[in-house]
Amino acid sequence: MSVREKRELNHYGKEINVRMNRREKRSMELPQDANILLSYVNLKLRDFYSSLDAMCEDLDESRAQIEEKLSGIGYVYDPEKNRFVSQSV
């Protein structure tokens, strides 16, 4: 096998993995429990996304629905901290 053939196979494999990862992201449902959702969303914002909008767009989720559910347990999105924080703070 030539170097070129190896590169093409390697590139093809990476492309498949990227496509599968995108598909998995979209097929994964957000947690229904508000407290678990809070933890899940804050983890995603901390580790993977620069904003709530970027996360919602990438995961194909409704920002309004997330904010509504988390406001029900007393949390609001703080764009400066890029996380949901307690309203009482």
Side-chain angles (χ1 to χ4, degrees):
M1 182 177 290
S2 73
V3 173
R4 182 175 181 210
E5 288 171 328
K6 286 181 184 178
R7 278 192 210 136
E8 287 176 3
L9 284 174
N10 191 25
H11 175 73
Y12 183 70
K14 286 181 183 177
E15 190 174 319
I16 289 173
N17 285 337
V18 168
R19 287 181 186 166
M20 288 175 66
N21 287 340
R22 286 182 185 150
R23 200 172 307 135
E24 287 172 5
K25 278 187 211 175
R26 290 189 179 114
S27 67
M28 191 171 161
E29 289 186 28
L30 291 179
Q32 295 302 307
D33 179 270
N35 291 299
I36 296 172
L37 177 64
L38 172 66
S39 178
Y40 176 85
V41 167
N42 276 342
L43 178 136
K44 289 287 190 185
L45 290 170
R46 182 191 71 208
D47 293 347
F48 302 107
Y49 298 101
S50 60
S51 70
L52 181 58
D53 287 328
M55 184 192 81
C56 290
E57 181 179 329
D58 189 47
L59 299 178
D60 197 28
E61 294 292 339
S62 166
R63 177 181 173 142
Q65 287 179 342
I66 293 171
E67 288 182 309
E68 181 181 337
K69 188 151 196 164
L70 295 180
S71 71
I73 60 169
Y75 284 81
V76 294
Y77 179 66
D78 181 340
E80 289 182 15
K81 294 181 180 178
N82 191 35
R83 64 176 304 172
F84 280 86
V85 295
S86 175
Q87 290 177 344
S88 62
V89 172

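Values below: all heavy atoms of this structure, side chains included; hydrogens, waters and symmetry mates excluded. As the structure is a prediction and not an experimental result, all values here were calculated from the model.
Distance check: Ser50 OG to Leu45 CG gives 9.0 Å after rounding to the nearest 0.5 Å. Distance CZ/Arg63 to OG/Ser51: 7.5 Å, rounded to 0.5 Å. For the atom pair CD1 (Ile66) and CG (Leu37), the distance works out to 6.0 Å, reported to the nearest 0.5 Å. Between the SG atom of Cys56 and the CD atom of Glu67 there is a distance of 7.5 Å, given to the nearest 0.5 Å. Distance check: Met55 CE to Glu61 CD gives 7.5 Å after rounding to the nearest 0.5 Å. The line from CD1 of Ile73 to OG of Ser86 is 9.5 Å long, rounded to the nearest 0.5 Å.
Cluster membership check: Tyr77 does not share its hydrophobic cluster with Ile36, using side-chain heavy-atom separations under 4.5 Å among Ile, Leu, Val, Met, Phe, Trp and Tyr.
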Exercise. Taking it one step at a time, do Leu59 and Tyr49 satisfy side-chain contact (heavy atoms from CB on, under 4.5 Å)?
Worked result: CA-CA 11 Å; Leu59 299 178; Tyr49 298 101; 3.7 Å; yes
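In this structure a side-chain-to-backbone donor-acceptor pair under 3.5 Å is missing from Asn42 to Arg83. A distance-only check finds a donor-acceptor pair linking the side chain of Gln32 to the backbone of Leu30 [under 3.5 Å].
Taking Tyr75 as the reference, nothing meets the ring-ring contact (aromatic ring centres under 6.0 Å, His included) condition, with sequence neighbours excluded.
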